[in-house]
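Structure first, commentary second.
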Amino acid sequence: MNTTQHLHGKRGIELLHDPLLNKGTAFAEAERDALGLRGLLPPRVATQDQQLERVLENFRRKTSDLEKYIYLISLQERNEALFYRLVMGNLEEMMPIIYTPTVGLACQKYGHIFRRPRGLYVTSKDRGRVKEILQNWPQSDVRIIVVTDGERILGLGDLGANGMGIPVGKLSLYTACAGIPPAQCLPIMFDVGTNNPTLLADPLYLGLAEPRLRGPAYDELVEEFVNAVQEIFPRACLQFEDFGNCNAFRLLAKYRDRVCTFNDDIQGTAGVTLSGLLSSERLTGIPLAKQRILFLGAGEAGIGIGELIVEALKLSGVPEADARRQCWFFDSKSLVVKSRTDLAEHKLRFAHEHSPVDTLLAAIEELKPTALIGVSGTAQSFTEPVVRAMGRLNPRPVIFALSNPTSKAECTAEQAYTWTDGHAIFASGSPFPPVTLNGITHVSGQGNNSYIFPGVGLGVIASESTRVTDEMFYVAAKTLASLVTEGDLMLGRIYPDLKRIREVSTEIAVHVAEVAFKRQLTPALRPADLKAHVQSVMFDPHYPKYV
Ligand code: NAD
């Protein structure tokens, strides 16, 4: 196949410096002649497999995770196809580097490890010229934008413009897990300042060194940005990521019915957690409709999960009021109950009639939950008495410690299994190694959003959906749960093996696209073979022949 038309006239050194087109030493003899590459490369032509061997060797030689991160990012900057073959072929090893937990560390040190810019920066200084900035992006067919204002990076708080590592990492997962072509992905840092004193005092900090923009000026800038995206990239899905919860809920409510958008911290987390709960049914024998779920943390993740559980229960015939009473929240102060006068808007719908309860342990004793979900960003808050109480109240307690990165997890896998004599059904946000207890090895699940959002994004792109709905996250959760095998469950794992992520994302995309067609959210016609259509838009990291 002759694909030189995709090179946009690029030749020679310009071609070698374009990471989307570069093949490095794998340029064939004929390509070297035809494309002005002769002499610019060492003479021996390598295969992509040989290159893979070299980059894997280099990667494994790095002695710290941060060094591994820097190595992978620099490979991505040189040669995207090789980067994705490396990541896709070794996902379990690479995912904790390109995403949580290592990406958290990389964000904390972003200004210090910075090499080359990646993605777009829109700042509070850009009022009135956001459209021009978007026009500077070299790709025109953008389909997924991940934007953050860096206010709540993982569980690490306000990292300002250093948060750029998150959209970059998330988009890498869109490609690695669901095959969304890298040229269609755009990471954006919405830099409106930071209130982090350490960053403000750091001379190497790369963002606007001023306090965060708030109030109407912030909202007007977001409005200009959203409108500019509609105009410049009309086919793009806009994913909001790691915004502080004072903005995240509001922005989602404001834009979800107007443009193609979602918030992964709220909706993606909800999808993966609901899926974990659905899979747990197969181990506990207790259907979702009979579960009582207690959350530690009532922010974006917690409330998002609660709302999707309510949606799922409603769809299975449970009245909404009853569905809400199955979900209880304990925030940084106490149990979320009706009599409290200090509750933020997003907590009110889960504020039930109950006397005040001041400790998590007391709440467990009172409510007798079947599942305990940690989304508080508070390390070690599932103490031994808390976990033991769950074990005493339930033959198979469901315990999810979802806070990221690993250092923020509410408890470790080892603690959860040890304190429940191996009976816990455990999942965490960042991965934990398997735990062997009394001769039995328990493999915990990683309740990682990357099981959900790449497939949802792929389904939205493939169907050309103009909206992203809660029903899509519900079907994504159900599809993911349906792919958990008996073998997974026997190991204690409530999510499929990560090695199957492309298959998982494809299946989710098909079901999400089906919702788009069924609900008439797209101007496109439903292809006869939807799965084949989804597969046809997926990126293949093997090199094409240019000549
Ligand atoms: P958020 O800031 O919106 O909410 C945090 C909530 O925790 C708030 O309600 C706060 O009041 C509460 N909280 C803080 N300290 C507490 C304490 N000591 N005890 C009880 N509650 C406390 O943040 P979020 O987006 O909801 O994220 C929370 C955590 O969940 C983060 O660590 C994040 O990394 C993690 N998370 C994990 C996943 C995943 O693994 N799938 C997805 C999203 C978020």
Side-chain angles (χ1 to χ4, degrees), residues 95-96 99-101 103-104 107 148 151-159 163 166 169-170 173 239-252 262-277 294-308 328-336 340 342-348 350-351 357-361 363-364 372-383 386 400-410 426-432 444-453 473 477 480 494-495:
M95 194 124 116
Y99 211 64
T100 182
V103 73
C107 286
T148 186
E151 186 164 8
R152 199 242 57 185
I153 295 300
L154 305 172
L156 301 169
D158 182 352
L159 294 185
I166 296 293
K170 254 209 144 145
L173 295 182
Q239 182 198 313
F240 284 84
E241 179 74 26
D242 285 2
F243 280 65
N245 70 29
C246 60
N247 290 318
F249 288 108
R250 281 183 326 106
L251 296 178
L252 179 62
F262 73 100
N263 181 308
D264 190 53
D265 307 303
I266 300 174
Q267 297 163 286
T269 309
V272 77
T273 310
L274 174 62
S275 172
L277 290 170
L294 175 60
F295 294 84
L296 183 71
E300 293 170 51
I303 297 294
I305 302 165
E307 292 291 352
L308 194 64
W328 290 78
F329 288 83
F330 195 101
D331 67 9
S332 58
K333 299 199 177 79
S334 60
L335 191 64
V336 171
R340 275 179 59 179
D342 59 345
L343 294 175
E345 167 89 24
H346 57 267
K347 303 180 189 177
L348 294 177
F350 290 102
V357 181
D358 289 338
T359 67
L360 179 63
L361 186 57
I364 292 172
L372 179 64
I373 299 182
V375 273
S376 61
T378 324
Q380 291 295 309
S381 43
F382 291 173
T383 57
V386 160
F400 294 172
L402 296 182
S403 288
N404 290 325
T406 320
S407 61
K408 301 283 181 188
E410 283 79 6
F426 180 78
S428 54
S430 301
F432 281 107
S444 61
Q446 192 188 352
N448 187 322
N449 297 27
S450 22
Y451 279 116
I452 295 283
F453 71 81
F473 287 95
L480 178 60
I494 50 169
Y495 295 103

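Numbering of ligands and ligand atoms starts at 1, following listing order.
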Completion exercise
At under 4.0 Å between heavy atoms, what of Asn404 touches ligand 1? The answer is both
Completion exercise
protein heavy-atom neighbour closest to atom 28 (C) of ligand 1 works out as Val375 O, 3.3 Å
Completion exercise
Quick look: Arg152 vs ligand 1, heavy-atom contacts under 4.0 Å, and the answer is side chain
Handout entry: Ligand-residue contact atoms, ligand 1 with Gly377, heavy atoms, under 4.0 Å
Key = 29 (C), 32 (O)
Handout entry: The one among Asn449, Val272, Asp264, Ile452 that brings a heavy atom closest to atom 41 (N) of ligand 1
Key = Asn449
Handout entry: Geometric class of the Phe350/Phe329 ring pair [parallel <30°, tilted 30-60°, perpendicular >60°]
Key = tilted
Exercise for the section: For Ser334 and Asp358, test the side chains for any donor-to-acceptor distance below 3.5 angstrom and give the result as yes or no. Expected result: no
Problem - Side-chain H-bond candidate by donor/acceptor type, Glu410 with Ser403, under 3.5 Å - result: yes
Practice task
Spell out, as yes or no, whether a donor-acceptor pair under 3.5 Å connects the side chain of Glu307 to the backbone of Ile303.
Solution key: no
Problem - Working for side-chain contact (heavy atoms from CB on, under 4.5 Å), residues Asp265 and Asn245 - result: CA-CA 10 Å; Asp265 307 303; Asn245 70 29; over 6 Å; no
Exercise for the section: Check each atom of ligand 1 against the heavy atoms of Gly447 and keep those under 4.0 Å away; list them by number with element. Expected result: 39 (C), 40 (O), 41 (N)
Exercise for the section: If you have a sec, work out which protein heavy atom is nearest atom 37 (C) of ligand 1 and how many Å separate them, to one decimal? Expected result: Leu402 O, 3.0 Å
Problem - Ligand-side contact atoms (ligand 1) for residue partner Leu154, heavy atom cut-off under 4.0 Å - result: 34 (O)
Practice task
Heavy-atom contacts with Ser376 under 4.0 Å: which atoms of ligand 1 show up? List them by number with element.
Solution key: 7 (O), 13 (N), 14 (C), 15 (N), 21 (N), 22 (C)
Handout entry: Nitrogen or oxygen of Gly302 less than 3.5 angstrom from that of ligand 1
Key = no
Exercise for the section: For atom 31 (C) of ligand 1, grab the closest protein heavy atom and report residue, atom and distance to one decimal in Å. Expected result: Gly155 CA, 3.8 Å
Practice task
With Lys170 as reference, evaluate Asn449, Asp264, Asp242 under the side-chain hydrogen bond (donor to acceptor under 3.5 Å, both in side chains) test and give the passing residue.
Solution key: Asp264
Problem - Atom indices of ligand 1 within 4.0 angstrom of Leu296 heavy atoms, with elements - result: 19 (N), 20 (C)
Exercise for the section: Between Gly268, Gly297, Gly104, flag the one that comes closest to atom 12 (C) of ligand 1 by a heavy atom. Expected result: Gly297
Practice task
Within a distance under 4.0 Å of any heavy atom of Ser403, pick out the atoms of ligand 1 and give their elements.
Solution key: 29 (C), 30 (O), 32 (O), 35 (C)
Handout entry: Test item: Asn404 side-chain N/O and Ser430 main-chain N/O as donor-acceptor pair under 3.5 Å
Key = yes
Handout entry: Polar contact flag for Asn245 and ligand 1 (N/O pairs, less than 3.5 Å)
Key = yes
Completion exercise
Heavy-atom closest pair (Ala301 atom, Val375 atom, distance to 0.1 Å) is CB-CG1, 3.6 Å
Handout entry: Polar atom proximity, Ser332 to ligand 1 (N or O, under 3.5 Å)
Key = yes
Exercise for the section: Would you please classify the geometry between the His346 ring and the Phe249 ring as parallel, tilted or perpendicular, with 30° and 60° separating the classes? Expected result: parallel
Exercise for the section: May I ask you to decide if Val272's main-chain N or O and Tyr495's side chain share a donor-acceptor pair within less than 3.5 Å? Expected result: yes
Completion exercise
Closest heavy-atom approach to atom 15 (N) of ligand 1 among Ile303, Asn448, Thr378, Thr273 is made by Thr378
Exercise for the section: Determine, considering heavy atoms only, which of Cys246, Gly304, Ala301 sits nearest to atom 44 (C) of ligand 1. Expected result: Ala301
Handout entry: Test of proximity, Glu300 against ligand 1: N or O pairs below 3.5 Å
Key = yes
Handout entry: Rounded distance [0.5 Å steps], CZ in Phe432 versus CZ in Phe426
Key = 5.5 Å
Practice task
Answer yes or no: does an N/O atom from Gly299 fall short of 3.5 Å to an N/O atom of ligand 1?
Solution key: yes
Handout entry: Identity and separation of the nearest protein heavy atom to atom 42 (C) of ligand 1
Key = Thr269 OG1, 3.0 Å
Handout entry: Those atoms of ligand 1 less than 4.0 Å from some heavy atom in Ala298
Key = 6 (C), 8 (C), 9 (O)
Practice task
State plainly whether the residues Arg340 and Asp342 are in salt-bridge range, i.e. N to O under 4.0 Å.
Solution key: yes
Problem - Backbone of Glu300 reached by a side-chain donor or acceptor of Arg152 within 3.5 Å - result: no
